[in-house]
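This report concerns only the one structure given below.
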Amino acid sequence: MTTTTSPDAGTAYERKPATYNATLTQVGRGTPMGELLRRYWHPIGVSADASEVPRQVRALGEDLILFRDGQGRPGLLYQHCAHRGTSLYYGRVEDGGIRCCYHGWLFDVQGHCADQPCEPQGGLSRDRIRQPWYPVEERYGLIFAYMGPPGRKPVLPRYAALEDLAEGEFIEANDQSIGGGGPPIIPCNWLQHFENVVDPFHVAILHSSFSGTQFVPQMGVMPEVTFDYTDAGVSATAVRRLDDGKTLRRVGEAALPTLRVIPSPRLAYYGTVESLGWVLPIDDTSFRIYTAGRVRREGDIARSRSRMNGKLWEELTEAEHQRMPGDYEAQVSQGVIAWHSEENLATSDRGLVLLRRMFKQQLDVVAAGGDPVGVSFDQDAPPIVFAAGNFLE
């Protein structure tokens, strides 16, 4: 019996059910990636977000309340009051903490119950009540939270790129997802963006030849790229041979847990990287980016946002989004969580492959009871140094 291949072979009818890699994408408590990410500090707001007005925060799939008490201390508590579950979003911030609107229970920034006004003598057993909370620290204009096991809390790192300031420079923080190419909250899985950090090839296509020059003409030169493991992530070194005979060596890094170490794509700075971005997984299907960087003028980070036709992303029409897509369109259109089973990876995806391997290795470390790369328990540890930057040679 002779079989022949139909001229219509390969139609979408033959597609197998698509799947995604839940181990790498899901961030809730108890999931492998959720437990790995909880071994690090994550920014959950800019300093101004912690105020006398309670603020709802969603991070790693958890709903929390951020505030700053009357003594200036930031606090991050579980949203629902330990008494009967009313949201502390409606609470009142006082000198000693936040008071629930329902029965007035008062919790300090570490969740201790300081007052139960409906109970005799302010609550004779109030010391037995603890509102779930997370440690927070402020640095670089951001508020960082540690959401992992208390006994494995590392020190909040310092970074040389944000510590070594030239004359006239200062640190500015931004919560508008600079580098995400769209709105502050981006409606897809965090990994779709984080893998983009070690994908320098797309710059010459998406940001140059396809959508026009989104950055500077030099970025349109197809680079020669090498990928390497670093102490806590993956680096991509892109070498561009320019028409004037010079060579642009551009180094970017993806560092665990979620750091984007990417120098200015507009070549506004030469030398070591001037800003860092943290990709915060809000949950499995959304994320945002917090940025801190060295600047000389207030608002410099916000001014680095891409413009097409002279417009910011939110000002573009749907037709302009379709005609001139950027990172937002490329990544969000993969789906809320990309179907990994449908990928056909190529040699240009080596950085992505290395990053996934490193995550899997660190998932195994944590599952075995160890501490992942990039964490330190030494209060005197020197600032972390990155090799990333733009270098004209």
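Residue numbers start at 1 and run along the sequence shown.
The environment of R139 atom CZ is dense: over 12 non-hydrogen atoms of other residues, nucleotides or ligands sit within 6.0 angstrom. More than 12 heavy atoms of other residues, nucleotides or ligands shown are found within 6.0 angstrom of CZ on F227. Atom CG of D244 has more than 12 heavy atoms from other residues, nucleotides or ligands within 6.0 Å. Within 6.0 Å of atom CG in D378, more than 12 heavy atoms from other residues, nucleotides or ligands are found, so the atom counts as buried in its surroundings. Residue-environment remark: OH (Y90) stays at or below the threshold of 12 foreign heavy atoms within 6.0 Å. Heavy-atom neighbours of Q379 CD from other residues, nucleotides or ligands within 6.0 Å: at or below the threshold of 12. Residue E314 places its CD atom among more than 12 non-hydrogen atoms of other residues, nucleotides or ligands, all under 6.0 Å distant. For R73, the CZ atom counts as densely surrounded, since its 6.0 Å shell holds more than 12 non-hydrogen atoms of other residues, nucleotides or ligands.
Residues K311 and E320 are paired through a salt bridge, judged by an N-O separation under 4.0 Å between the basic side chain and the carboxylate. A salt bridge is defined here as a Lys NZ or Arg NE, NH1 or NH2 lying under 4.0 Å from an Asp or Glu carboxylate O, and E342 with R15 meets this definition. Between R29 and E62 there is a salt bridge, since a side-chain N of the basic residue sits under 4.0 Å from a carboxylate O of the acidic one. With respect to the salt-bridge test (charged N to carboxylate O, under 4.0 angstrom), the residues R241 and E393 do not qualify. In summary, R99 and E94 engage in a salt bridge, as defined by a charged side-chain N under 4.0 Å from a carboxylate O. Using a 4.0 Å cut-off between a side-chain N of Lys or Arg and a carboxylate O of Asp or Glu, R249 and E224 do not qualify as a salt bridge.
A donor-acceptor contact shorter than 3.5 Å links the side chain of R294 to the backbone of V273. Checking side-chain atoms of Q192 against main-chain N and O of A338 turns up a donor-acceptor pair under 3.5 Å. In terms of modelled atom types and a separation under 3.5 Å, the side chain of E172 and the main chain of I301 share a donor-acceptor contact. A donor-acceptor contact shorter than 3.5 Å links the side chain of T258 to the backbone of V279. Looking only at distances, no side-chain donor or acceptor of E35 sits under 3.5 Å from a matching main-chain atom of P32. Between the side chain of R38 and the backbone N or O of V27 there is at least one donor-acceptor pair closer than 3.5 Å. Between the S275 side chain and the G293 main chain, no donor and acceptor come within less than 3.5 Å of each other. Panel note: side chain T285, backbone N189; no donor-acceptor pair is recorded below 3.5 Å. Between the side chain of S177 and the backbone N or O of R288 there is no donor-acceptor pair closer than 3.5 Å. Of the possible donor and acceptor atoms, one in the side chain of R126 sits under 3.5 Å from a partner among the backbone N and O of G123.
Side-chain polar atoms of W313 and E329 form a donor-acceptor pair below 3.5 angstrom. E138 and S47 share a side-chain donor-acceptor pair at under 3.5 Å. For the residue pair T11/D8, the side-chain donor-acceptor check at 3.5 Å is not satisfied. Y140 and E163 share a donor-acceptor pair across their side chains, judged by distance under 3.5 Å alone. H193 and R260 are linked by a side-chain donor-acceptor pair at a separation below 3.5 angstrom, with hydrogens and angles left out of the test. If you check the side chains of H103 and Q116, you find no donor sitting under 3.5 Å from an acceptor.
Side-chain atoms of F359 and M33, non-hydrogen and from C-beta on, do get closer than 4.5 Å to each other. In this structure the side chain of F67 never reaches within 4.5 angstrom of the side chain of R55, judged on heavy atoms. Taking the side chain as every heavy atom from C-beta outward, L165 and I171 approach each other to under 4.5 Å.
Closest approach of Q56 and Y89 over heavy atoms only: CG-CD1, 3.3 Å.
With sequence neighbours left out, the side-chain hydrogen bond (donor to acceptor under 3.5 Å, both in side chains) criterion links D63 to R58. Applying the salt bridge (charged side-chain N to carboxylate O under 4.0 Å, His left out) test to R39 and every residue at least two apart in sequence or in another chain returns D371.
Using cut-offs of 30° and 60° for the angle between ring planes, the H80 and Y78 rings count as perpendicular. In this pair, H207 and F215 present their aromatic rings tilted. The plane angle is within the 30 to 60° band. Between W278 and F144, the ring planes lie perpendicular to each other; the angle is over 60°, past the 30° to 60° tilted range.
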Evaluation steps, side-chain contact (heavy atoms from CB on, under 4.5 Å), between N309 and M324 | CA-CA 9 Å; N309 284 354; M324 298 174 291; 3.4 Å; yes
Derivation and outcome, side-chain contact (heavy atoms from CB on, under 4.5 Å), residues I98 and R92 = CA-CA 5 Å; I98 185 170; R92 183 178 67 213; over 6 Å; no
Test side-chain contact (heavy atoms from CB on, under 4.5 Å) applied to I384 and R158, step by step | CA-CA 6 Å; I384 295 171; R158 293 187 179 275; over 6 Å; no
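A distance of 5.0 Å separates CG in L64 from CE in M147, rounded to the nearest 0.5 Å. Atom CZ of R303 and atom CG of N174 lie 11.5 Å apart (nearest 0.5 Å). Here OH of Y146 is found 8.0 Å from CZ of R152. Values are rounded to the nearest 0.5 Å. Once rounded to the nearest 0.5 Å, the distance linking CG of D127 with OG of S125 reads 8.5 Å. Atom CG in D284 sits 5.0 Å away from atom CD in Q26 (nearest 0.5 Å). L276 contributes atom CG, which lies 12.5 Å from atom CD1 of I289 (distance to the nearest 0.5 angstrom).
Cluster annotation: V203 and I178 are assigned to distinct hydrophobic clusters (Ile/Leu/Val/Met/Phe/Trp/Tyr, side-chain heavy-atom contacts under 4.5 Å, transitive). V198 and L354 fall within a single hydrophobic cluster, where Ile, Leu, Val, Met, Phe, Trp and Tyr side chains are chained together by heavy-atom contacts under 4.5 Å. The hydrophobic cluster containing V197 does not contain V239, counting ILVMFWY residues as joined when their side-chain heavy atoms lie under 4.5 angstrom apart, directly or transitively. Y134 and V93 fall into different hydrophobic clusters, where Ile, Leu, Val, Met, Phe, Trp and Tyr are joined by side-chain heavy atoms under 4.5 Å apart, directly or via other members.
In this structure, H340 has its ring center no closer than 6.0 Å to that of Y20. Taking the six-membered ring where the residue is Trp, the centroids of F107 and W133 are separated by 6.0 Å or more.
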